[in-house]
Amino acid sequence: MNILRTLIAITLLVANFCQAEIYVVTHRDNPAQSLNANEVRDLYLARSQSLPSGESVIVYEGAEADLRSRFIRSALGMRVRQFDAYWARLIFAGRVLPLKLAKQESELFTHLANNVHAIGYSDNRPQSDVLKTLLVINE
């Protein structure tokens, strides 16, 4: 019985250490100080094209498949195929333009650092003082 308790305790500790985070990031001068999960969902599903303050926003998506999949699952509650089909319908109907694509994290951070109205996500906390984190998504 003690062995079982020990194994359960070790499993819980390892699970806490393995928990990954995704950071929703923007320029430090962006008027938004934070976003909640619903606001991020609305931006990435094109239900909103502005921040809660009314400022327009440019939404960037990562091209790295694993991070993109994790973000779609954790932040949007969808599978990648559902997300892609959802966006295909929106684009085909002419309702919106596709999300901006950043092929690498460095490219994303450059776009965010050069545009106050841009947001994106990364699995690394931004180290630059030009950027700030709006939301941390725990997987």
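Both backbone and side-chain heavy atoms feed into the values below; hydrogens, waters and symmetry mates do not. Nothing here was measured: the structure is a model prediction, and the numbers come from that model.
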For this session: Mind checking the CD1-CD spacing from I72 to Q82? Nearest 0.5 Å is all I need.
Result: 10.0 Å
Exercise. Can you get from L108 to F71 by hopping between Ile, Leu, Val, Met, Phe, Trp and Tyr side chains that sit under 4.5 Å apart?
Worked result: no
Exercise. Between the side chain of N114 and the main-chain N/O of T110, is any donor-acceptor distance below 3.5 Å?
Worked result: yes
Problem set entry | Rounded distance (nearest 0.5 Å) linking atom OG of S48 with atom CZ of R41 | 13.0 Å
For this session: Kindly say whether D129 contributes a backbone atom to a donor-acceptor pair with the side chain of R28 at under 3.5 angstrom?
Result: yes
Problem set entry | Approximate separation, where rounding is to 0.5 Å, of S122 OG and E21 CD | 11.5 Å
For this session: Flag the pair H27 / H117 as yes when at least one side-chain heavy-atom distance between them is below 4.5 Å, and no otherwise.
Result: no
Exercise. Which one of V57, N30, T26, I58 satisfies the side-chain contact (heavy atoms from CB on, under 4.5 Å) criterion with N115?
Worked result: I58
Exercise. Would you call E61 and Y121 a side-chain contact if the rule is heavy atoms closer than 4.5 Å?
Worked result: yes
Exercise. If you draw a 6.0 Å radius around CZ in R47, do more than 12 non-hydrogen atoms from other residues or ligands fall strictly inside?
Worked result: yes
Exercise. Looking only at heavy atoms, what is the nearest atom pair of P52 and L35, with distance?
Worked result: CD-CD2, 3.7 Å
Exercise. Stepwise, does the side-chain contact (heavy atoms from CB on, under 4.5 Å) test hold for Y23 with D123?
Worked result: CA-CA 6 Å; Y23 303 90; D123 54 358; 5.8 Å; no
Problem set entry | Side-chain heavy-atom pair L43, L51 within 4.5 angstrom cut-off | yes
For this session: Identify the two heavy atoms, one from A32 and one from L134, that lie closest to each other, and give their separation to 0.1 Å.
Result: O-CD2, 3.4 Å
Using atom types as modelled, flag every donor-acceptor pair under 3.5 Å from a side chain in residues 84-104 to any protein atom, sequence neighbours excluded.
unit_1	atom_1	unit_2	atom_2	d
D84	OD1	R68	NH2	2.5
Y86	OH	L45	O	2.6
W87	NE1	Y44	O	3.0

Problem set entry | Pair F109-S128, side-chain contact (heavy atoms from CB on, under 4.5 Å): steps then yes or no | CA-CA 9 Å; F109 286 169; S128 170; over 6 Å; no
Exercise. What is the minimum heavy-atom distance between N124 and E105, and which atoms define it?
Worked result: ND2-OE2, 2.9 Å
Problem set entry | Non-hydrogen side-chain atoms of V136 and I22 separated by less than 4.5 Å | no
Exercise. Taking all atoms of both residues into account, what is the closest heavy-atom pair of A20 and R70, and its distance?
Worked result: CB-NH2, 3.8 Å
Seminar exercise, completed: In this structure, CZ of R125 is separated from CG of L131 (nearest 0.5 Å) by 12.5 Å
For this session: Working to the nearest 0.5 Å, report the span between OG of S69 and CZ of R79.
Result: 11.0 Å
For this session: With sequence neighbours excluded, tell me which residues meet side chain to side chain contact (heavy atoms under 4.5 Å, CB included) with S74.
Result: I137, E139
Problem set entry | L67 reachable from L112 in the ILVMFWY side-chain graph, under 4.5 Å edges | no
